[in-house]
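Notes follow the structure.
Remember, it's 1-based here, ligands and their atoms both numbered in the order they're listed.
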Amino acid sequence: MTAQRKPLEKYRRIVIKIGSALLVDRKTGLKKHWLNAMCADIAALRAKGIDVLVVSSGAIALGRSVLDLAPGVLKLEESQAAAAVGQIALARAWSESLSIDEIVAGQILLTLGDTEERRRYLNARATISQLLKMGAVPIINENDTVATTEIRYGDNDRLAARVATMTGADLLVLLSDIDGLYTAPPHLDPDARFLETIAEITPQIEAMAGGAASELSRGGMRTKIDAGKIATGAGCAMIIASGKVDHPLSAIGEGARSSWFAPSGSPVTARKTWIAGQLLPAGSLAIDAGAETALRSGKSLLPAGVRQVTGSFSRGDTIAIIGGEGREIARGLAGYDADEARQIAGKKSAEIAAILGYAGRSAMVHRDDMVMTAPAKREIDAVRSDAHA
Ligand code: GLU
């Protein structure tokens, strides 16, 4: 059954991507009034217990305006310099506007490598989740000043989708000057129909993505559909809506036109399918019976429950978890490198800092990074005796 569209307050964790043209006016610079209204919308969602993450464009556009650069296409090094100037102004603006509602902002600048390479991916994810735990709103952008042509996203639509999947968000909202997906570019084709619900991103849907980029932003409909594929494939719904009105999130709630892309599965299933699907685990951890029981009740694997570490793996690699009878019971992403894992195996979490010389993570394999691959023995027994009955 295809998932149904639901009100924003029914989501748990929302990533909101904001396009440059919404935040920055070519002549007058930052649109402070709009930003304050946006932050009020964010505060309203957070008051309902929803985690909010912002992926904000606008560094280059703001830098252009601060540096008073002439209109026209910038060379890569010029846009990097503009981003260096603009990002300061952008982060300050978010921080000031969120503080009106007593919300603290935390700046995160990512490059493509930070989301593609698992070790860095885990690091970035841990920082973002800590920020959320501390009640701050992460304000994320690409680290344009160091991203080179070959290794950059270049558009924040796909970056926002990766952030959404990385953080297990259940909704991604892309706000720009486009209110949603049409069957054809509406400014070229008078018969273009607006699509309110997209159950699946089929090749036909992909073909509808015309080049609807605005002058200030890079991403057109093409990158939005790419973002949709990343997000929905990992179980995260996506909305494309216009941010041109004040309070765009409230407007969506009040029925403003927007396109909704259904998630293809639940976030847990998509992520755990990925972990379970790794072909060659880089190593394994043999655990004791107490840890096996803890894992089966949905807990993380702590160093204390690990009896033996086999193989050579790095933090973030997929490893097998071996239960009492020597068979694999779970797969997960290692929270430590193999040599560190060996040092802390069997030790209490409180001892880790003294052994490693730094305060590591408390889990050897975090439950969010783990999937059970074999049922408990008694479940197997139950199936066997059923078969005999
Ligand atoms: N990272 C760019 C900026 O902040 C924006 C990229 C985009 O518009 O998607 O200026």
Can you find a side-chain donor-acceptor pair between [X] and [Y] that sits under 3.5 Å?
X: Ser56; Y: Asn141; answer: no
X: Ser242; Y: Asp179; answer: no
X: Ser258; Y: Arg5; answer: yes

Should [X] be counted as touching ligand 1, given the test is an N or O pair under 3.5 Å?
X: Asn141; answer: yes
X: Asp144; answer: yes
X: Ala61; answer: no
X: Asp157; answer: no

Would you check if the side chain of Asp337 reaches a backbone N or O of Asp339 as a donor-acceptor pair within less than 3.5 Å?
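Side chain of Asp337 to backbone of Asp339, a donor-acceptor pair under 3.5 Å: no, none is there.
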
Is the shortest distance from a heavy atom of Gly154 to ligand 1 less than 4.0 Å?
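The answer is yes, since Gly154 has a heavy atom less than 4.0 Å from ligand 1.
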
In this structure, does ligand 1 have an atom that sits under 4.0 Å from one of the heavy atoms of Gly58?
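It does, in that a heavy atom of Gly58 comes within the 4.0 Å cut-off of ligand 1.
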
4.5 Å side-chain heavy-atom contact, Ile230 and Arg162:
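Heavy-atom side-chain distance check passes, below 4.5 Å.
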
